[in-house]
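The analysis underlying the following values was restricted to heavy atoms, covering all of them including side chains, and did not include hydrogens, waters or symmetry mates. Quick note: residue numbers are just sequence positions, from 1. Given the structure is predicted, the values throughout are model-derived calculations rather than measurements.
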Amino acid sequence: MLLLAAPLWAATEQKLADVSLHLLWKHQFQFAGYYVAKEKGYYAAEGLDVDIHEFTNEVDLVGDALSGQSDFVIGRSSLLIEKANGAPVVALLAAFQQSPLMLLTRGTEEIADAKALDGKRIMVTGDAKQVGEILAMLLKSGITADDFVHQPHSFNLQDLIDGKTDAYGAYISNEPFQMQQRGLPYGVIHPRDYGYDIYSDILFTSARYAEQHPIRTLAFTEASRRGWEYAFANIEETAQLIFDKYNTQERSLEALIFEGRALKELAYAGDVPFGSLSMERFQEMAQIYRIVGELGREYDISGFIFEPPKPVAGLDLSAEEQLYLIKHRQLNLCINPDWMPYEGMADEKYSGVVAGYVEQLAARLGIKFTLKPHPTFPQHLEALTQGQCDLVAAAMQTPERAKNIDFSSVYFSMPVAVVTRGARQQQELFKQPLAILRGSAFEEILRRRLPDAQLIPVDSTAEGMDWVEQGKVAGYVSAAAHLSLELQQNPRSGFVISTPFNDTWDLSLGVYQNRLLADILSKAIDSISVADHQQIRAQWLPAPFENEFDYQLLWQISAVAALVLLFLVYRNRVISGYNRQLKVLASVDQLTGINNRYSLDTKLGDQINIASRYDRNLSLIFFDIDDFKLINDRYGHQIGDQILQQVAATVVTNLREADIFGRWGGEEFLVLLPEVNRDQALLGAEKIRAAIAKTHFVQGIRLTCSFGVTSYQTGDSVSDFVSRADFGLYEAKRDDKNCVRAC
């Protein structure tokens, strides 16, 4: 058996591409992500066999990359100078958004900041480009090279302790730990506190290698990124790995853990995704090197950041998402073959609203879908778990399904209806048996929403209609347009379609435990224009669904329509366009187009009166955008305004027509939910929270919101009602934000 298996092993090994990585120093936590990517198999999963080399004094890191002796190299921020001087290198990621390099002092009051170093002894390396941020910090504090005593670096911390120097060039992740271990006071003077943010530990390769192996370069970068994210999420475990396998400097486990925690702060400084690079930051770094005389006025760093091959144009996909699409050009798609006009197979062709959206997504993502017809969602789920399908085309999110399935953004909402024989009163209808498609999201949602309802599962729409006709059930529940089409194709006497649920249910694409693919699909869905949405819907839903529509009562509907038309004509003559405009301006928030504070105050009073007088349910959702000030501070108020508009648009698509939505002020919003109890409001708030959290806003910004939920209580004033929801919002903020709390 071993002999037979050997060729297979050999074939597997041959599939892995040999890749070398050269570090810029000895093994330590500073390079933890690369060790993790190797040991956890992230590189192997991308077809790479990576050999990691420590730094030696004989190595020219940039020269090694350009000569091809090393495929990937980690460089200091001074790599920028090499690029500006013509070296054809490309940067892939920065392990640290801020440099760990700083000046360490003995912690005396005499030297409390950089200005106090005037005339003092400073021990740093002699190469200005290696300590550019230190020199720039000193210059900003009014200290030139002639104003301090420059001492060659001894790399012996004892020199600082013994007073042989006043400031010692050190790494914030290393020497402070040694001072702590000895119980000695120390001070830190860091360039970041003076406005000098320098990338550190930049992973790079030669431009030639990136051009010859673009997919391999992208794969190595993303596997490294995953390694780093795991390392920082599991610092103690990673420190143990380095201690056991990569500890050539014989550091203690405690020192490695300290280093990991210190470096994590630098890696995620600025609250940006790990490894982020921007040309704006590189230009700022170039100015620092100009200040210290390492760059002239004319320099060129264009093309410094690696641009991976993009399978998709016009979508703001991350490198990891692009790599996924490059590797997955064809996906298996579970569809329902018999659910028109939403989805189905007609003349062996995939048809319906959902098919229109699938066609749009395939074109936008540059992929192909292989159709896998299954008539019920339980069959879809089984196909997903067994790997027969990669995703489901028409999936509705429910709490139970969300345990195993990741959902994309909503791309289509449809009214939920019930077909009965003859008109039925809503209260009477819910007390009688209702047929519903077995295993559908409708069934799960309604069982939660109406726990006392008598829901009878059936295996098909035809069976449900037959049961209504035979009097076995009072009605059959399904999507409105599906019921309407069924009655057009198979007329049944006296059948009436109504929407007593006053709700719409949402279609997304569902994938099995694959958040990455769900995010890719969400970005593609979000890019679909309003015109494309309208075109798809007009093709398959040419006529709007009419509530309480009875085909035998067409003349009555026509008469009502005529009366409505006459009323509208009369109203238009009586009310001037000027007054209508004033009314809109008085009630609409001019930035977002939703209700303003004045309008919300009025409608709150009206709805509370109705709830009090008729003993009706009424709930309130109060939410705001988490850390919105940071967005304004970082991106400016113009981007902040666009964010507010996009948040409002996202929420609108997740509300019922009966819901009242408005801007309470600033980044605070309010949703008033008539006929909804607190449990239902909690589900609605969670739906909005999830939709916002997975939306990519302008410039790819991701954000979250916190929510407070309450329901009307007898005797509530508007102030009582809103204050209680506001307190729920306060509780959500206190519980780490991005959550829903009821009060």
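Here the closest heavy-atom approach between residue A693 and residue N738 is recorded as CB-OD1, 4.3 Å. Shown here for R616 and I610, the closest heavy-atom pair between the two residues is CG-O, 4.3 Å. Pairing each heavy atom of P433 with each of I456, the nearest pair is CB-CG1, 4.1 Å. Counting all heavy atoms, side chain and backbone alike, Y712 lies closest to G715 at OH-N, 3.4 Å.
Judged by distance alone, the side chain of W540 and the main-chain N or O of G352 form a donor-acceptor pair under 3.5 Å. The closest donor-acceptor contact from the side chain of R663 to the backbone of G666 lies under 3.5 Å.
With no hydrogens or angles considered, no side-chain donor-acceptor pair links Y512 and T385 at under 3.5 Å. With no hydrogens or angles considered, a side-chain donor-acceptor pair links S717 and D720 at under 3.5 Å. Using modelled atom types, one finds no donor on one side chain facing an acceptor on the other under 3.5 Å when comparing Q645 with D641. S460 and E463 share no donor-acceptor pair across their side chains, judged by distance under 3.5 Å alone. Between S711 and S619, the side chains place a donor N or O and an acceptor N or O closer than 3.5 Å (distance only, hydrogens not considered).
Salt bridge status for D589 with R597: absent, with no side-chain N to carboxylate O gap under 4.0 Å. Salt bridge D506/K687: present, at least one basic N to carboxylate O contact under 4.0 Å. Between D466 and R492 there is a salt bridge, since at least one side-chain N of the basic residue sits less than 4.0 Å from a carboxylate O of the acidic one.
Between V722 and W664 there is a side-chain heavy-atom pair separated by less than 4.5 Å. Residues F407 and K694 are in side-chain contact: their nearest non-hydrogen atoms beyond the backbone lie under 4.5 Å apart. In this structure, the side chains of L644 and F669 come closer than 4.5 Å at one or more pairs of heavy atoms. Side-chain atoms of C743 and Y730, non-hydrogen and from C-beta on, never get closer than 4.5 Å to each other.
Among V647, I643, L703, the single residue meeting the side-chain contact (heavy atoms from CB on, under 4.5 Å) criterion with F628 is I643. Tested against D624, the residues K629, R689, K733 include a single salt bridge (charged side-chain N to carboxylate O under 4.0 Å, His left out) partner, K733.
The aromatic rings of H374 and H380 sit perpendicular to each other, their planes meeting at more than 60°, with 30° as the lower class boundary.
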